[in-house]
There are 2 protein chains.
Amino acid sequence: MTDKPTKVARPPAARALAKGAASQTRDEAPASNRATRAAERRAAIVDAAMEEFIARGFAATRLDDIAKRAGVAKGTIYLHFNDKESMFEELVRTVIVPVVTRLTTLPPPTGSVRDLVEAFASNFLKEVIGTRRGDLVRLIVAEGPRFPSVADFYYREVVSRGMAGMRALIELGIARGEIREKDLARYPQILIAPAMIAVIWQSLFARHAPLDAQDMLRVHLDLIFGERSTT
Amino acid sequence: MTDKPTKVARPPAARALAKGAASQTRDEAPASNRATRAAERRAAIVDAAMEEFIARGFAATRLDDIAKRAGVAKGTIYLHFNDKESMFEELVRTVIVPVVTRLTTLPPPTGSVRDLVEAFASNFLKEVIGTRRGDLVRLIVAEGPRFPSVADFYYREVVSRGMAGMRALIELGIARGEIREKDLARYPQILIAPAMIAVIWQSLFARHAPLDAQDMLRVHLDLIFGERSTT
DNA sequence: TGATTATGACTGACTAGTCAGTCATATATT
DNA sequence: AATATATGACTGACTAGTCAGTCATAATCA
């Protein structure tokens with residue numbers, strides 16, 4: 001009755017293609033062809049999963065859809081991840097870490113504190129606000145309570161570091177007389193709040209009322225540092 | 001085989017209680033006992049649904065759980081709501097509207113603008129931050145993209161109103177010389193941002209680092225209005 | 001070098017379970 | 001009794017996770 005062993009007719013198209021295209025990229029690793037392709041697939045799965053999770057949230061995302069988007073069979077996902085939950089968790093780590101690294105690398109120890117903060121804001125604007133990464137932040141806010149491990153990770157790797165960095169900058173600004181409000185060092189959140197609001201705004205309300213995040217952040221800095229110091 | 005018609009032993013406790021307590025509130029309606037009880041049930045369902053949605057998000061929430069928590073059979077839910085989605089949407093409306101009404105009713109047209117804003121902040125602190133209502137805000141942020149109608153409603157009823165109110169206050173503050181930063185009127189978001197951050201913080205990071213929201217808001221107001229005006 | 005065997009990445013049909021929504025039946029109200 | 005409400009067992013659609021089998025590639029052999 002259930003004799004439908006439809007094993008036949010496997011389309012070997014992708015296979016053949018890959019073989020031809022990706023043989024022996026000996027640029028960076030002794031990586032056998034296999035390992036390379038496996039890494040590529042993992043990356044494809046991570047990308048696809050991020051899109052789907054951002055669009056639908058954790059619970060409503062179907063692994064079938066992730067697989068389809070990644071151009072992979074569902075079973076393949078389970079070669080890289082234990083289950084849906086750990087996939088989500090690893091995904092967040094995978095995507096967040098490089099961003100943090102890039103943002104916390106403050107390159108110019110030159111100029112005024114305001115310039116430093118402005119450079120950071122500009123970076124944040126470009127790297128996060130209005131990008132897929134911004135959506136990821138919203139996703140963490142959304143799913144955090146149901147994924148304590150994700151919230152923990154995010155607090156440890158992003159929030160606490162960002163807060164420490166901001167606090168240091170604020171204290172420097174106070175020491176140099178650029179910032180008047182001494183208590184600000186106790187609440188670096190205030191410095192970051194408008195940037196976070198901008199992230200959320202772009203996800204939720206951009207349709208209703210576009211927000212010029214750059215200009216808003218400038219006004220906010222004026223508030224903290226006093227009116228423009230004319231470079 | 002499936003003869004477990006366990007119709008027996010229905011616990012009529014809640015039933016009896018409600019019947020006894022709320023009979024004939026002819027204050028507002030020709031409400032028969034029935035209408036009253038129906039309203040109570042609806043309210044119970046809304047409460048239960050809010051708890052569940054906040055705890056699990058829309059997709060992961062089971063109607064069976066809502067029914068159980070509300071002390072009602074699943075079918076009863078469908079006497080009040082068309083389906084899960086419209087229940088969620090109506091729920092948000094039902095819960096949000098009274099809060100907005102309460103918050104936008106600025107009672108004291110006396111004193112300085114700072115006093116006005118402070119009164120508002122204090123209200124917000126008590127009514128929203130760290131409460132179930134705050135969680136609801138986080139839920140809207142979380143589910144908004146998947147429920148455009150909810151996001152629209154929230155923008156129309158809460159965000160745009162709040163922004164307009166804040167803008168008016170800011171302009172008044174500028175006119176009276178209490179606020180220096182003129183451009184602030186273009187971005188009332190800046191005024192509200194720390195309060196929103198506090199809401200999210202309490203949901204996500206309170207465990208890691210408790211936040212004294214009240215004090216933070218005070219510092220923020222100092223930033224905008226200048227140091228304390230000593231009442 | 002060319003042939004043979006071993007490996008393990010990959011597949012997708014399948015299982016077991018879940019849950020939104022329905023409706024025949026039971027209960028309460030008038 | 002007739003009507004309005006409420007119930008919860010049931011159904012069918014849907015999906016996370018599994019696993020026996022396939023096949024390109026790698027390793028070994030002749």
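Only heavy atoms go into these numbers, but all of them, side chains included; no hydrogens, no water, no symmetry mates. Labels below follow one simple rule: chain letters A, B, ... track the order of the sequence lines, proteins then strands, and each chain is numbered from 1. Worth saying up front: this structure is predicted, and the values here are computed from it rather than measured.
Annotation: side chain of A/Arg42 is in contact with side chain of A/Glu90 (closest heavy-atom distance under 4.5 Å). Put simply, the side chain of B/Phe81 reaches to within 4.5 Å of the side chain of B/Val46, judged on heavy atoms. At a threshold of 4.5 Å between non-hydrogen side-chain atoms, the residues A/Val150 and A/Tyr155 do not count as touching. In this structure, B/Tyr187 and A/Ile197 have side chains that are not in contact, with every pair of non-hydrogen atoms separated by 4.5 Å or more. For the pair A/Val95/A/Leu91, a side-chain contact is recorded, criterion being any heavy-atom separation below 4.5 Å from C-beta on.
Distances from the side chain of B/Arg41 to the nucleotides D/dA6, C/dT11, D/dA16 place D/dA6 closest.
A salt bridge links A/Arg132 with A/Glu51; the closest basic N to acidic carboxylate O contact falls under 4.0 Å. A salt bridge between B/Asp215 and A/Arg186 is present, with a side-chain N of the basic residue lying under 4.0 Å from a carboxylate O of the acidic one.
Following rounding to the nearest Å, A/Tyr78 (OH) and D/dA16 (P) show an atom-to-atom distance of 7 Å. Atom-to-atom, CZ of A/Phe58 to C1' of D/dT15 comes out at 12 Å; the value is rounded to the nearest Å. Look at CG on B/Leu79: it is 14 Å from C1' on C/dA28, rounded to the nearest Å. Atom C1' of nucleotide D/dT18 and atom NZ of A/Lys74 are separated by 9 Å, given to the nearest angstrom.
For A/Thr76, no side-chain nitrogen or oxygen approaches OP1 or OP2 of C/dA9 to under 4.0 Å.
Annotation: side chain to side chain donor-acceptor pair (under 3.5 Å) contacts of B/Glu52 (sequence neighbours excluded): B/Arg56, B/Arg69. Scanning for side chain to side chain donor-acceptor pair (under 3.5 Å) contacts around A/Glu85 gives an empty result, with sequence neighbours left out. Taking B/Tyr154 as the reference, nothing meets the side chain to side chain donor-acceptor pair (under 3.5 Å) condition, with sequence neighbours excluded.
The stretch residues 61-73 of chain A comes close to DNA chain C through A/Val72, A/Ala73, each having a heavy atom under 4.0 Å from the strand. Contacts with DNA chain C (heavy atom under 4.0 Å) in residues 80-94 of chain B: B/Asp83, B/Lys84, listed by number. Residues from residues 46-56 of chain B placing a heavy atom under 4.0 Å of any atom in DNA chain D do not occur.
Residues A/Gly75 and A/Ala59 each lie close to DNA chain D; by heavy-atom proximity, the contact nearer the 5' end of the strand is made by A/Ala59.
Between B/Phe147 and B/Phe58, the distance separating the two ring centers is shorter than 6.0 angstrom.
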